[in-house]
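Here's the structure we're looking at; comments come further down.
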Amino acid sequence: MSSQTVMTTPIVYPDSDGMPMADNTKQFRAIVTIQGNLDAIFRERDDVFVAGDLLWYPVEGRPDIRRAPDVMVVFGRPKGDRGSYRQWEEDGIAPQVVFEVLSPSNTLTELAAKQEFYDTYGVEEYYLYDPDRGDMSGWQRRDGRLRVIQELDGWVSPRLGIRFVRTDQGMQLHWPDGRPFVSFVELQAQAEQERQRAEQERQRAEQERQRAERLAAQLRALGIEPAEE
């Protein structure tokens, strides 16, 4: 009797869903700003993984069950590059916090499907930002379900420690130390301002040193030894 070897086709979990990260510059800027600031907040935490537009597969053997949150934060997992987030290879830990940034192409059905996915697969905090209106909605897991946060103004994320503040320009996110989230361009501008201020202080100090040296020289010319400071 001859034996036959049964060949099984390996399951493929694509690293891309073929969809663009953003539909326009405003949406892209919002995604990058949120992801970049959160990554910076937890830069010294080796056990916090922050990613943008990364496919998340929650169920082994089901590559059809997946989402690519605009931004996700996972506590309890190491930093590092990944092609996708396969939850069964990550100690079974689901992303605890997810951000989605609205684009003009989003439909109500799509948004409802995303929220249902995050509700089903264990997200603890879900935030939806509309860059055109500057508005944001939030949901927090309570009693096993994602439930709407009734008042987001002044809300402090239990997981992230960031504060949500409503301004005339829309909802603004703040670091735990109170600093507002800024884009890379704004960060560079702030760094340049700090550099200029430091240079001005250096020049003032040098001018003061030169003035003191001239004064000391004048005193010595008069036969007076200046007091040492």
For Ile224, is the CD1 atom crowded, meaning more than 12 foreign heavy atoms sit under 6.0 Å from it? yes
Met136 side, atom CE; Leu128 side, atom CG - distance, nearest 0.5 Å: 8.0 Å
Pairing residues for Glu116 by the side chain to side chain contact (heavy atoms under 4.5 Å, CB included) criterion, not counting sequence neighbours: Thr120
Please round to the nearest 0.5 Å and tell me the distance separating atom CZ of Phe164 and atom OH of Tyr129. 11.5 Å
Closest heavy-atom contact between Val98 and Pro69? CG1-CB, 3.7 Å
Does the Arg45 side chain pair with the main chain of Val48, one donor and one acceptor, at a distance under 3.5 Å? no
Which residue pairs pass the ring pair (Phe, Tyr, Trp, His ring centres under 6.0 Å) test with at least one member in residues 57-83, sequence neighbours excluded? Tyr13-Tyr57, Phe42-Phe75
With heavy-atom distances below 4.5 Å as the criterion, would you say the side chains of Pro176 and Ile41 are in contact? yes
With sequence neighbours excluded, what pairs up with Ser16 under the side chain to side chain contact (heavy atoms under 4.5 Å, CB included) test? none
Using only heavy-atom distances, determine whether the side chains of Glu125 and Tyr127 contain a donor-acceptor pair under 3.5 Å. yes
Side chains of Val71 and Leu38, heavy atoms from C-beta outward: is any pair under 4.5 Å? yes
With sequence neighbours excluded, tell me which residues meet side chain to side chain donor-acceptor pair (under 3.5 Å) with Asn37. Trp175
Taking the side chain as every heavy atom from C-beta outward, state whether Val148 and Ser137 have any pair of such atoms under 4.5 Å apart. no
Shortest non-hydrogen contact from Val123 to Leu146? O-CD2, 3.3 Å
Tightest non-hydrogen contact, residues Val101 and Ala30, listed as CG1-CB, 3.9 Å
Are Pro95 and Glu124 side-chain neighbours, meaning at least one heavy-atom pair lies under 4.5 Å? no
Start with the C-alpha distance between Thr33 and Val182, add both sets of side-chain angles, then the distance that settles side-chain contact (heavy atoms from CB on, under 4.5 Å), and finish with yes or no. CA-CA 7 Å; Thr33 297; Val182 294; over 6 Å; no
Please identify each residue that fulfils side chain to side chain donor-acceptor pair (under 3.5 Å) with Gln96, with sequence neighbours left out. none
Applying the side chain to side chain donor-acceptor pair (under 3.5 Å) criterion to Asp119, which one of Arg145, Lys114, Arg147 satisfies it? Arg145
Answer yes if the side chains of Ser105 and Ser103 hold a donor-acceptor pair under 3.5 Å, and no otherwise. yes
Which residues share a side chain to side chain donor-acceptor pair (under 3.5 Å) with Arg77, sequence neighbours left out: Glu90, Asp91
Could you pull out all residues at least two apart from Gln172 that satisfy side chain to side chain contact (heavy atoms under 4.5 Å, CB included)? Thr167, His174, Pro180
For residues 24-39, which residue pairs pass the salt bridge (charged side-chain N to carboxylate O under 4.0 Å, His left out) check, not counting sequence neighbours? Lys26-Asp132
At their closest point, which heavy atom of Leu55 faces which heavy atom of Asp15, and how far apart are they? CD1-C, 3.7 Å
For Gln140, check side chain to side chain contact (heavy atoms under 4.5 Å, CB included) against everything at least two apart and list the hits. Arg142, Ile149, Trp155, Pro158
Sorted by chain and residue number, the side chain to side chain donor-acceptor pair (under 3.5 Å) partners of Asp143 (sequence neighbours excluded) come out as none
With hydrophobic residues grouped by side-chain heavy-atom distances under 4.5 Å, do Val74 and Leu160 end up in a single group? no
Cluster companions of Val12 among Ile, Leu, Val, Met, Phe, Trp, Tyr (side-chain spacing under 4.5 Å): none
Residues Ser84 and Arg86: side-chain donor-acceptor under 3.5 angstrom: yes
Kindly compute the distance separating CD1 (Ile11) from CD (Glu60), expressed to the nearest 0.5 Å. 7.5 Å
Verdict with supporting geometry, Asp53 and Ile31, side-chain contact (heavy atoms from CB on, under 4.5 Å): CA-CA 9 Å; Asp53 194 40; Ile31 293 171; 5.9 Å; no
Residue pairs involving residues 131-151 (criterion ring pair (Phe, Tyr, Trp, His ring centres under 6.0 Å); sequence neighbours excluded): Tyr126-Trp139
When you measure from the side chain of Arg82 to the backbone of Gly80, do you find a donor-acceptor pair of N or O atoms at a distance under 3.5 Å? yes
Taking all non-hydrogen atoms of both residues, which atom of Ala68 and which atom of Glu100 are closest, and how far apart? O-OE2, 4.2 Å
Can you tell if the side chain of Val50 reaches within under 4.5 Å of the side chain of Gln35, non-hydrogen atoms only? yes
Check this for me: Gln210, atom CD, are more than 12 non-hydrogen atoms of other residues, nucleotides or ligands nearer than 6.0 Å? yes
Can Asp47 and Lys79 be said to form a salt bridge (charged side-chain N to carboxylate O under 4.0 Å, His left out), step by step? CA-CA 7 Å; Asp47 64 336; Lys79 299 183 187 303; over 6 Å; no
Could you see if Tyr118 belongs to whatever hydrophobic cluster contains Leu54? Use Ile, Leu, Val, Met, Phe, Trp, Tyr and a side-chain cutoff under 4.5 Å. yes
Candidates Trp88, Phe49, Phe117 - the one meeting ring pair (Phe, Tyr, Trp, His ring centres under 6.0 Å) with Trp56: Phe117
Asp130 side chain vs Leu102 backbone, donor-acceptor pair below 3.5 Å: no
Could you pull out the closest heavy-atom pair between Val59 and Tyr121, with the gap in Å? CG2-CE2, 3.8 Å
